[in-house]
Structure formats: structure tokens, C-alpha cells
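Structure first, commentary second.
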Amino acid sequence: MKIATWNVNSIRTRRSLVCDWLEANPVDLLCVQETKVVDEDFPREPFESLGRHVYCAGQKSYNGVALFSRVPLENVEIGFGALLPEEIVGDLDDQKRAIAGTLNGVRVVDLYVPNGGEYDSDKYRYKLRWLEVLRKYIEVTLDKYDRLCICGDFNIAPDDRDIHTPPGNKPIVGTTPAEREALQEVLSLGLRDPFRKFTEEGGIFSWWDYRGGSFRRNRGWRIDHHYLTPELFDRTVSCTIDVEPRKLPKPSDHTPVIVEWKD
DNA sequence: ATGGCGTAACAATTACGA
């Protein structure tokens with residue numbers, strides 16, 4: 001089983017790039033984020049022509065997540081409200097940041113964690129609240145499913161190896177202790193990072209700013225992750241970042257990350 | 001301290017990204 005995650009930064013702009021990648025990299029499931037399109041306008045056809053089943057949850061201009069699967073997914077659910085009561089979810093499902101489905105007995109959750117804006121801003125507090133509700137959502141998910149893979153754009157560098165220049169005294173959103181602890185709270189439910197099963201190296205990234213020649217200089221962040229329950233983690237044979245799409249014309253600022261485990 | 005670059009909505013400029 002191969003599952004990829006990729007923040008495409010507009011599925012309409014990146015449609016050919018993503019189709020070409022999917023043809024060359026026939027993963028079982030591709031989870032994308034930042035589709036930036038309402039469901040009625042989602043470009044389903046090019047992906048269906050490649051034999052993919054398309055599931056999407058989008059909104060106008062911002063956010064949006066989608067799944068491209070080789071086999072039909074079971075029990076596709078959108079947002080936290082599918083599992084959590086309204087008094088916990090509040091308005092968090094207004095932004096389309098979570099979609100889940102089951103294939104081959106594995107529950108997969110595709111996430112676009114909020115960016116967080118400036119430190120201590122409303123957006124930063126929204127991110128922390130979202131992560132707190134994510135923990136509850138994953139807790140309930142684990143009650144229902146033994147095998148779980150969550151993946152997506154987490155907008156958090158888990159530790160200082162995962163950012164080109166480690167933060168100094170000034171808080172950098174994506175690296176603050178509160179964000180990292182909130183992520184660890186989710187993972188402490190029983191999830192592990194397969195990327196770190198294969199390398200302890202730093203300086204390996206999945207996102208580079210469009211500005212300032214960041215990609216050329218490898219000034220990036222590793223913010224796109226998979227997290228697996230122990231049995232899947234133990235069966236994992238690789239977790240790789242494919243930098244090639246980032247080199248092509250009109251790229252996304254993120255590049256795909258692929259995990260593979262033995263069936 | 002600010003902007004760099006790119007996308008969407010909208011029609012020149014603004015919101016957003018991490």
C-alpha cells in the first residue's frame with residue numbers, strides 16, 4: 001500500500017502537474033490539500049480518466065482537501081463534525097480541512113492544519129484550538145478503527161531538524177512549543193512518524209517558499225507528514241519525499257511525500 | 001522592519017500562505 005500527501009496550492013492551477021505525477025507514481029491513494037475550489041468546480045474528470053475515484057471537500061478561494069483513490073473508498077466523512085458533537089466542533093468545519101475514508105481496512109485521514117498567521121494572533125489561537133479538537137477527533141477515530149494513517153500539511157516542523165534555520169528567541173509560527181506540544185498530544189494517542197523510521201537526518205524538507213530562491217538554496221521546512229498506528233508503522237518499508245515536482249515550471253510550493261507498507 | 005512569490009477573487013487591490 002502506497003499513500004501520498006501533497007499540498008497542491010490550487011488543484012485547478014496544478015491539475016496537469018498532479019495528473020502527470022499520478023500517472024508516473026501510481027500510488028493507491030493521493031491525499032491533497034489547498035485545493036482552493038468549491039466541489040461543483042472541482043476538476044474530477046482528468047483524475048477519473050486516470051482511473052481514480054475522487055472525493056473532495058472544498059470552499060471558495062481557501063483551504064480544501066481531496067482524495068484520489070484507485071479503489072472506491074468506504075465511509076467517506078468530511079470535517080470533525082462527522083464524529084464530534086457541535087459543542088466541541090463549533091465553527092471549525094466552516095473551513096474545509098479534513099476528509100477521511102477507508103481502504104483495505106485502513107482508515108485514512110487527510111488534514112490541512114491551519115497556518116497560524118502571526119504568533120499570538122487570532123489565527124494562531126485558531127490553530128491551537130483546531131489541534132485540540134483534532135486530538136479529540138483522532139481519539140474517537142481510534143475507538144472505531146484499529147489501523148489508522150493520518151497525513152497532510154501539518155504546518156508544524158516537529159523539531160529543529162525539520163526547518164532550515166532553527167528558531168532563535170523570537171517565536172516562529174510552526175515551531176513554537178505550544179504547537180509542537182499540541183501535535184505530540186495527538187501522536188501520544190498511538191501514532192508514529194514513518195519518515196523518522198528511516199533517517200535521523202535534518203535538512204530534508206517538503207516545503208520551500210516561492211520567494212528568495214528558497215528551493216535552490218534548500219531553505220525549507222518538513223511540514224507534510226504521515227502518522228501511523230504501530231502495526232502499520234512496523235510494516236512500513238519506505239517514507240520518501242519526491243522533490244522532482246518542485247523543480248518543474250509552475251510548481252506547488254510543497255512536494256509529495258509517499259509512505260509504503262507491506263500488505 | 002519589510003518584501004520577496006504565487007493563487008483567488010475581482011477588476012486594482014487585498015487576503016492568505018508558513
Side-chain angles (χ1 to χ4, degrees), chain A residues 5-19 32-43 56-66 91-92 94-98 110-131 134 151-183 202-225 241 243 245-257:
Chain A
T5 180
W6 191 3
N7 179 322
V8 295
N9 186 16
S10 171
I11 192 62
R12 286 180 293 181
T13 297
R14 231 60 70 191
R15 157 190 168 152
S16 298
L17 193 73
V18 177
C19 279
V32 297
Q33 306 86 33
E34 278 208 91
T35 54
K36 295 186 171 179
V37 64
V38 293
D39 296 346
E40 308 87 84
D41 297 334
F42 194 99
C56 57
Q59 64 182 86
K60 194 174 167 180
S61 303
Y62 305 119
N63 312 313
V65 283
D91 63 354
L92 293 184
D94 292 354
Q95 300 185 12
K96 302 304 179 205
R97 297 180 176 277
D110 175 18
L111 299 169
Y112 177 44
V113 176
N115 170 296
E118 297 292 315
Y119 179 66
D120 215 21
S121 64
D122 286 347
K123 284 183 188 163
Y124 179 78
R125 285 182 286 274
Y126 181 92
K127 183 179 191 175
L128 293 178
R129 182 161 67 91
W130 196 93
L131 288 164
L134 175 65
C151 64
D153 175 359
F154 283 79
N155 270 321
I156 297 171
D159 63 62
D160 287 352
R161 290 173 295 179
D162 301 313
I163 179 173
H164 58 84
T165 307
N169 293 330
K170 191 179 131 198
I172 303 295
V173 172
T175 71
T176 65
E179 293 166 88
R180 285 173 168 171
E181 283 160 20
L183 175 59
I204 305 172
F205 305 127
S206 64
W207 172 87
W208 301 261
D209 201 303
Y210 286 121
R211 299 165 287 190
S214 297
F215 181 63
R216 181 175 47 78
R217 301 158 68 195
N218 196 31
R219 296 172 60 83
W221 296 43
R222 189 178 73 89
I223 51 179
D224 301 276
H225 316 138
I241 298 176
V243 297
R246 188 65 176 80
K247 301 174 180 171
L248 298 173
K250 299 265 297 172
S252 169
D253 43 359
H254 297 249
T255 209
V257 187

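Throughout, a chain's letter reflects where its sequence line sits, starting with A, and its residues are numbered from 1.
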Show me the protein contacts with nucleotides 1-5 of chain B, counting only N or O atoms at under 3.5 Å.
residue : atom : partner  : partner atom : Å
B:dG4   : N1   : A:Arg211 : NH1          : 2.8

Which atom names give the shortest non-hydrogen contact between A:Lys127 and A:Val173, and what distance separates them? NZ-CG1, 4.1 Å
With sequence neighbours excluded, residues passing salt bridge (Lys or Arg N to Asp or Glu O under 4.0 Å) with A:Asp162: A:Arg196, A:Arg222
Of all residues at least two apart in sequence or in a different chain, which pass the ring-ring contact (aromatic ring centres under 6.0 Å, His included) check with A:Phe215? A:Trp208
Rounded to whole Å, the OH-C1' distance (A:Tyr62 to B:dT7) equals 10 Å
Can you tell which of B:dC16, B:dT7, B:dA9 lies closest to the side chain of A:Lys123? B:dC16
Starting at atom CG of A:Asp253, determine the distance to atom P of B:dA8, rounded to an integer number of angstrom. 12 Å
Judged by each residue's nearest nucleotide on DNA chain B, which is more toward the 5′ side, A:Trp207 or A:Ser61? A:Ser61
Using whole Å, report how far CG of A:Asp122 lies from P of B:dG17. 13 Å
Value in whole Å for how far the C1' atom of B:dA8 lies from NZ of A:Lys250: 12 Å
Integer-rounded Å distance: B:dA8 C1' and A:Asn63 CG: 12 Å
Quick check on side-chain contact (heavy atoms from CB on, under 4.5 Å): which of A:Val65, A:Val257, A:Leu111, A:Asp224 does A:Asp153 satisfy it with? A:Asp224
Quick check on DNA chain B: between A:Trp221 and A:Gln59, whose nearest nucleotide comes earlier from the 5' end? A:Gln59
Partner of A:Ile223 by side-chain contact (heavy atoms from CB on, under 4.5 Å), out of A:Val113, A:Asn155, A:Ile156: A:Asn155
Set of ring-ring contact (aromatic ring centres under 6.0 Å, His included) partners for A:Phe154, sequence neighbours left out: A:His225, A:Tyr227
Under the rule for side-chain contact (heavy atoms from CB on, under 4.5 Å), what residues qualify as partners of A:Arg15, not counting sequence neighbours? A:Pro43, A:Pro46
B:dT7 C1' sits how many Å from A:His254 NE2, rounded? 13 Å
Tell me every residue that passes ring-ring contact (aromatic ring centres under 6.0 Å, His included) with A:Tyr119, counting only those two or more places apart in sequence or in another chain. A:Tyr124
Write down the distance between NZ (A:Lys36) and C1' (B:dA9), rounded to a whole number of angstrom. 11 Å
If we take the C1' atom in both B:dA15 and B:dA11, what is their distance in whole Å? 16 Å
What does A:Asp153 touch in the nucleic acid at a heavy-atom separation under 4.0 angstrom: a base, only the sugar-phosphate, or nothing? sugar-phosphate
Taking B:dC16 as the reference, what is the distance to B:dG3 when you measure between their C1' atoms (whole Å, please)? 15 Å
Does OP1 or OP2 of B:dG6 have a side-chain N or O of A:Arg14 closer than 4.0 Å? no
To the nearest Å, give me how far apart CG (A:Asn9) and P (B:dA15) are. 18 Å
Just N and O in the side chain of A:Thr13: are any of them under 4.0 Å from OP1 or OP2 of B:dA8? yes
Using a 4.0 Å heavy-atom cut-off across all strands, classify A:Phe205 as base, sugar-phosphate, or nothing. nothing
Please state the C1' separation for the pair B:dG4 and B:dG17 - nearest whole angstrom. 13 Å
